[in-house]
Amino acid sequence: MKSLLQYEWPGNVRELENCVARAVTLGDRLTIDVSDLPPAIRAEGGDSAQRTVPEGAASVSTTALAEMERMTILKVFEQAHGDKALAGRMLGISRATLYRKLKRYNITARSAREGAPPASH
């Protein structure tokens, strides 16, 4: 709550709406946590204990991180019903960045609808 209250919200209600939609989509708990918020909002508030690197995170391989990113994009793209602009806003990335990542991970509107299996890299 502290992070949400301390953030300036330059995009007003639309930015808040996108932030909440992103947190709900990416969160894995019943309660939105600071870790579910976009990086810019997390940096505004919250205590430093919540921003430390989780135990064991250093051992996560680049391949595993790429697969987590791919699955997150796929999940959000599915929730946005293939709307790339909305998916980009929910992820907190530009549309151009989203297009690059969709191409990199070979994600299409069809693969999002079908819950595509992991692509081999």
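Values reported hereafter were calculated over all heavy atoms of this structure, with side chains retained and with hydrogens, waters and symmetry mates removed. Residues: numbered from 1 along the sequence shown.
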Nearest 0.5 Å please: distance from the CE atom of M71 over to the CD1 atom of I107. 8.5 Å
Nearest-0.5 Å distance that lies between atom CG in L102 and atom CZ in R70: 10.5 Å
M90 and A21: which non-hydrogen atoms are nearest, and at how many Å? CE-O, 4.1 Å
Which distance, rounded to the nearest 0.5 Å, do you find between the CG of L98 and the CZ of F77? 7.0 Å
Run the salt bridge (charged side-chain N to carboxylate O under 4.0 Å, His left out) check on R89 and E17 step by step: do they pass? CA-CA 10 Å; R89 288 192 306 269; E17 180 181 50; over 6 Å; no
Could you grab the distance from atom NZ of K101 to atom CG of N106, nearest 0.5 Å is fine? 15.0 Å
Could you tell me the separation between the OG1 atom of T72 and the CD atom of E67, rounded to the nearest 0.5 Å? 9.5 Å
Are Y105 and Y99 in one and the same hydrophobic cluster, where Ile, Leu, Val, Met, Phe, Trp and Tyr link if side-chain heavy atoms are under 4.5 Å apart? no
Between the main-chain N or O of I93 and the side-chain N or O of T97, is there a donor-acceptor pair closer than 3.5 Å? no
Is D83 reaching over with its side chain to a backbone N or O of A80, donor-acceptor style, under 3.5 angstrom? no
Can you tell me how far OG of S3 sits from CG of L37, rounded to the nearest 0.5 angstrom? 6.0 Å
Has the side chain of D36 got a donor or acceptor atom that lies under 3.5 Å from a matching backbone atom of I32? no
Step by step, would you call E69 with R104 a side-chain contact (heavy atoms from CB on, under 4.5 Å)? CA-CA 11 Å; E69 180 178 56; R104 176 190 300 156; 3.7 Å; yes
Determine whether V24 and V34 fall in the same hydrophobic cluster, where Ile, Leu, Val, Met, Phe, Trp and Tyr are linked whenever their side-chain heavy atoms lie under 4.5 Å apart. yes
Criterion side-chain contact (heavy atoms from CB on, under 4.5 Å) on C19 and W9, from CA distance to verdict: CA-CA 10 Å; C19 173; W9 299 107; 3.9 Å; yes
